[in-house]
Every structure is written in C-alpha cells, then in structure tokens.
Asker: 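Let me give you the structure first, and then I'll get to my questions.
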Amino acid sequence: MLQLHKIREDKDTIINALKKRNIDAEPVLSAIIDLDEKRRAIQTELDNTLAKSNKLSKEIGMLFKSGKAKEATALKEQTADFKEASKQLGEELTATSSELQELLYQIPNVPHDSVPAGNSDEDNEEIFREGDIPKLEEGALPHWELAKKYDIIDFELGVKVTGAGFPIYKGKGARLQRALIAYFLDKNTEAGYTELQLPLVVNEASGYGTGQLPDKEGQMYHVQNDDLYLIPTAEVPITNIHRDDILPKESFPIKYTGYTPCFRREAGSYGAHVRGLNRLHQFDKVELVRIEHPDNSYKALDEMTEHVKNILRELRLPYRILRLCGGDLGFTAALTFDFEVFSTAQDRWLEISSVSNFETFQANRLKLRFKDENGKSQLAHTLNGSSLALPRVLAGLLENYQTKDGIKIPEVLVPYCGFDMIN
RNA sequence: GGAGAAAUGGCAGAGUGGUCGAAUGCGGCAGUCUUGAAAACUGUUGAGGGUCACACCUCCGGGGGUUCGAAUCCCUCUUUCUCCGCCA
C-alpha cells in the first residue's frame, strides 16, 4: 500500500512511474486525494464536536461533585445535540475511510527507476547469464519421463491421494528433495540468515500484511472453519513476524530463512507448460526475507541476488537473470529479479527464484517501522527471495544431469544425498 | 472438549464510573557531579490523526452497548493461565 502523504506530495511522479505497469492511475489517485480531503474535513469537524462534548461532560462531573445536581441536570440536556452530531459524523468518517482504504488497496507498488516498461514476460530484460547448456545424448527425456523411468516421483499416486498437482516423491527422489532443502538452508545460514520453522497456515491479518489479501484471495487455500489460509510462500509467516513492530534502529539487518511447503490454488492456469513439476498446488521452497533500513535495501537486494547466483553456480545449472518489466512485475514489488534455469529436455527456461524489494509497500500495511536517528518512526523496507523453489530445481537437475547410465548428482549434493547417481 | 481466572505504556504493576493517556518501580534517553565510569540527583521517555506551530481528537486485547461521562459497568470475540478430560 502506498503512503498517503506520498500520493499527496508526488502524485505526478507516481502516475508516471505506474505507466510502466500500463496503468493510468490518474483517476484513482485524484479520487484518493479528494476522499482524503473529505476525510480530514469530517475528522476535524468530529474532533471539534467531541472536544465540546468532552468539555461539557467535565463540567457536569464537577457540578455533581460540588453537589449542584440541579445545574448538572440542566447541562445534561445540552449534550443531546453533540451526541447526535458526533454519531453521524462518526458514521461518515468510517464510510469515507473505508472507501479511501479500498482505493489505496487497488494501487500496486511504484516501480523502481530501473524497471523497464513492457507488457508481459516477453519484455523482461535479461541482465545476466551463466553456465553451459549441456548437450544431451540421443533419447534425452523430460523430467516427468525420467521421474517415471527411475520411479522417483509419482504424479498419478498424488492424484489418487489428493488431486492433480500434489506429486508423491519416492526413494531417491524424496531423498534428493530433502538433500536440496538441507543444502539450501545451510547455504543461507552460512550467509547470516536465521533459520525459522514456521506455521503453514496464517490468519487473515497476515494475509493482508504481505499483500496476498485482498488482491490474491482466490490463489490461496482457505480453511473456512477456522478462517485461516494455507501459506502460498514462507514470505507470509516470516514477514508478518514483525507486523506492528517499531524496531530500534540498530536492529538492521534482519535476515531470515525458512523452508516450507507452499500451497497455491493456481486457479485458471491449467493447460500447456504445466506438466510434471512445472506448476504444482503444493511445492517446497526455501525462502529468504530481509527487513532493512531504507538506505540499505538496494544493497541488500544485490546481496541476495549474489547469494542465489552462488548457489546456482555450485549446482552447475545454466541460468539467467531477468529484470522484470512493469507489466510483469508483481503487485507489491518495486523491483524484481527472476532467476530462470534452463530445462534442457523441455528446451525452455523455468523460473526458480524471484528476488524483490518491496520498499515500504508491505511495511505500510504491516505497520513495520523503526526509530530513526531523530527518534521518529519510519517505515522499514522489506525484501524477499527464493533460495530456491524446489520442483523446478529438481526438474532442471534431472534433465540437465541425465546420462545413458542414469542421473548424476551434483557434487555439492552428494554428501547430503548419500549417493551420486540415480539409476 | 468442560469449569474457573485474567488481558493496562519497552517490562513489572496500580487504578472498579468524573480533569486518567493513565500512579509507582525498573529499563531507555539527556543533564549535574566525576580525569573517565559507576553510584546519586534532576529532567525526559507510548502510538496515530490534526496544525506552520499550538490547540484539539482517538487508542488501556478486538468489536459492540449502557451513560452527560467508561481503563473501570454490560454483551461478544480472541488470546493467556489454572484444573479436568483427550491425545502426537
């Protein structure tokens, strides 16, 4: 959520920046400014009414105390008007405020200066590429075939037990998955991130805090009996740890990592390109979250992308980094770098990590603040990134490391797996 | 799941209808003293709205109600604690 005072002060800058998202924000922003003025006018009027009414009540109290009951009763009659007026003004205020709030919720984050304009993922800007794409031998298979051939992932069984998009990992497949999780967590804690084990369901307030609600309500599984949501990413429980906090300025940097399964309904995304592990309802992910001083957040973003690069280097997977264009940028992000691994047998790039700076957008909803040098409360910056999303890493590994004799395990993972070949 | 108790400022803890945004203690910050530090003493110290700045308004777990007036009374929800039951 954008900050009201910024909209008031920098309306034109915001409108211009949002053009990169192909949004004409002028009407909404004008409506917001009007509503805000209206809200403040009502607030002032209400405050004045309450002030008068408070004063009167105090006088009544004093009169009663000094035994002048008759005069007090006379004054009581005067309060009726104030009561009526403040009730009405209060209702107007609530209505105006929630109208204002709704409009504010509709506006996505303002893209960073470096974000290119563009309509879709085709306009994303490739800024880095590393690793050799292997030449596969004759008869190379996509990962879903390999999964079947070596009996390491059973998609049909998942359908039987739950439904499509809930695969069951078996034997060396399950072990490889566990190895990857342990390896990622080790890399992250070595880099100073504190490991967390998190709830997999969150309440409504947390959903709003990180911005999944209200705009992505349909993408989350909702447990209706208890009004809880299955997390679509560990970002939600992690970032919400500091909801409503005012941190001392020496708290930074705050660096967390956590492994969780992630649950996504993915409503309406069936069709091509969702085969195998490419798109699931439940998948594992190791996440990084940072909470930073505004002056430091872009440095932190760089550190996070370097960190993810290192992991991919160690896994020896060919990857590229994209700077997302305005049209593809997530609702809450100011700047996002996507990491994609080349999936050789499918001959396509698969997104395996997304590293973003949200600046104050989430912090404003979360009321996540810190005390600055002058002792004033200021919104912190939040960032997050995957390190990494498991299924697509697995897909990349299976496809890129396949040989006639089986699937080789990358060297760094062998100690975690306890084997060096799936065959 | 059943029965009871509780929820107040960074923490501890008073306050049971009337200048209470809230005593007191601890902690934090600033100052005095000191070569420096500690101790002692003095002052200061919640958040949000609003204003050029004041004034003023809101907030004592959340929501609703009673009253001229609510931290205080009533209803409701949530959470915590104790006891019982069940259980990984």
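The structure displayed is predicted, hence computed values, not measured ones. Quick note on labels: first sequence line is chain A, next is B, and so on, each numbered from 1.
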Asker: Whether Lys19(A) and Asp24(A) form a salt bridge (side-chain N of Lys/Arg under 4.0 Å from carboxylate O of Asp/Glu) is what I want to check.
Answerer: no

Asker: Searching all strands shown, indicate the nucleotide that pairs with rC41(B) (Watson-Crick or G-U wobble; both distances under 3.5 Å).
Answerer: rG31(B)

Asker: Are Glu359(A) and Asn109(A) linked by a side-chain donor-acceptor pair shorter than 3.5 Å?
Answerer: no

Asker: Which whole number of Å gives the distance between the P atom of rC26(B) and that of rC20(B)?
Answerer: 23 Å

Asker: Taking only the C1' atom of each, what is the distance from rG85(B) to rU16(B) in whole angstrom?
Answerer: 36 Å

Asker: Say you pick atom C1' in rU67(B) and the same atom in rG17(B); how far apart are they, in whole Å?
Answerer: 9 Å

Asker: Want to settle it: does Arg40(A) or Met62(A) sit nearer the 5' end of RNA chain B, counting the closest nucleotide to each?
Answerer: Met62(A)

Asker: Atom CG of Asp227(A) to atom C1' of rG62(B): distance rounded to whole Å?
Answerer: 14 Å

Asker: Nearest whole Å is fine: how far is rG69(B) C1' from Lys83(A) NZ?
Answerer: 10 Å

Asker: Tell me which nucleotide among rA47(B), rG18(B), rG49(B) gets nearest to the side chain of Ile246(A).
Answerer: rA47(B)

Asker: Using a strict cut-off of less than 4.0 Å between a Lys/Arg side-chain nitrogen and an Asp/Glu carboxylate oxygen, indicate whether Asp34(A) and Lys38(A) qualify as a salt bridge.
Answerer: no

Asker: Given 3.5 Å as the limit, does a donor-acceptor pair link the side chain of Gln402(A) with the main chain of Leu141(A), or not?
Answerer: yes

Asker: NA contact type, Lys376(A), heavy-atom cut-off 4.0 Å: base, sugar-phosphate, or nothing?
Answerer: nothing

Asker: Return the value, rounded to whole Å, for the distance between atom CZ of Phe370(A) and atom P of rA47(B).
Answerer: 14 Å

Asker: Paired with rG36(B) by Watson-Crick or G-U wobble geometry, both distances under 3.5 Å: which nucleotide is it?
Answerer: none

Asker: So which of Lys148(A), Lys160(A), Lys170(A) actually passes salt bridge (Lys or Arg N to Asp or Glu O under 4.0 Å) with Asp154(A)?
Answerer: Lys170(A)

Asker: Could you check how far NZ of Lys38(A) sits from C1' of rG50(B), rounded to whole Å?
Answerer: 19 Å

Asker: Could you let me know what rC73(B) is paired to, Watson-Crick or G-U wobble, both distances under 3.5 Å, or none if it's on its own?
Answerer: rG65(B)

Asker: When all nucleic acid strands are considered with a 4.0 Å heavy-atom cut-off, which category describes Phe64(A): base, sugar-phosphate, or nothing?
Answerer: base

Asker: What is the distance, to the nearest angstrom, from the NE2 atom on His5(A) to the C1' atom on rG50(B)?
Answerer: 15 Å

Asker: Strictly by side chain to side chain donor-acceptor pair (under 3.5 Å), give each pair with a member in residues 244-256 of chain A just once, sequence neighbours left out.
Answerer: His242(A)-Asp245(A), His242(A)-Tyr256(A)

Asker: Counting only Watson-Crick or G-U wobble pairs whose two distances fall under 3.5 Å, which nucleotide matches rA47(B)?
Answerer: rU58(B)

Asker: Is the side chain of Asn203(A) donor-acceptor paired with the backbone N or O of Leu228(A) at a distance under 3.5 Å, no angle test?
Answerer: no

Asker: If you assign Ile60(A) and Arg369(A) each to the RNA chain B nucleotide with the nearest heavy atom, which residue ends up on the more 5' nucleotide?
Answerer: Arg369(A)

Asker: For the side chain of Glu399(A) and the backbone of Gln346(A), is there at least one donor-acceptor N/O pair under 3.5 Å apart?
Answerer: yes

Asker: What interatomic distance, in whole Å, is found between P of rG15(B) and the corresponding atom of rC54(B)?
Answerer: 35 Å

Asker: Counting Watson-Crick and G-U wobble pairs only, both distances under 3.5 Å, name the nucleotide matched with rA5(B), or none.
Answerer: rU80(B)

Asker: Using Watson-Crick or G-U wobble geometry with both distances below 3.5 Å, tell me the partner of rC20(B), or none.
Answerer: none

Asker: So, Glu92(A) versus Thr96(A): side-chain donor-acceptor pair below 3.5 Å or not?
Answerer: no

Asker: Does rC87(B) have a Watson-Crick or wobble partner in any strand here, with both distances under 3.5 angstrom, and which is it?
Answerer: none

Asker: Taking the C1' atom of each, how far is rU76(B) from rC87(B), in whole Å?
Answerer: 30 Å

Asker: Suppose you measure atom P in rU51(B) against the same atom in rA14(B); what distance do you get, rounded to whole Å?
Answerer: 40 Å

Asker: By a strict heavy-atom criterion of less than 4.0 Å, which residues belonging to residues 43-58 of chain A are in contact with RNA chain B?
Answerer: Gln43(A), Asp47(A), Leu50(A), Ala51(A), Asn54(A), Ser57(A)

Asker: Separation of Glu204(A) atom CD from rG63(B) atom C1', in whole Å?
Answerer: 14 Å

Asker: Applying the Watson-Crick and G-U wobble criteria at under 3.5 Å, what pairs with rC11(B)? Answer none if nothing qualifies.
Answerer: rG25(B)

Asker: Taking CG from Leu63(A) and P from rG18(B), how many angstroms apart are they, rounded to a whole number?
Answerer: 16 Å

Asker: For rG21(B) versus rG49(B), give the span between their C1' atoms, rounded off to a whole number of Å.
Answerer: 15 Å

Asker: Please state how far atom CG in Leu247(A) lies from atom C1' in rG10(B), giving the value in whole angstrom units.
Answerer: 13 Å

Asker: Write down the distance separating the P atoms in rG10(B) and rG1(B), rounded off to the nearest Å.
Answerer: 33 Å

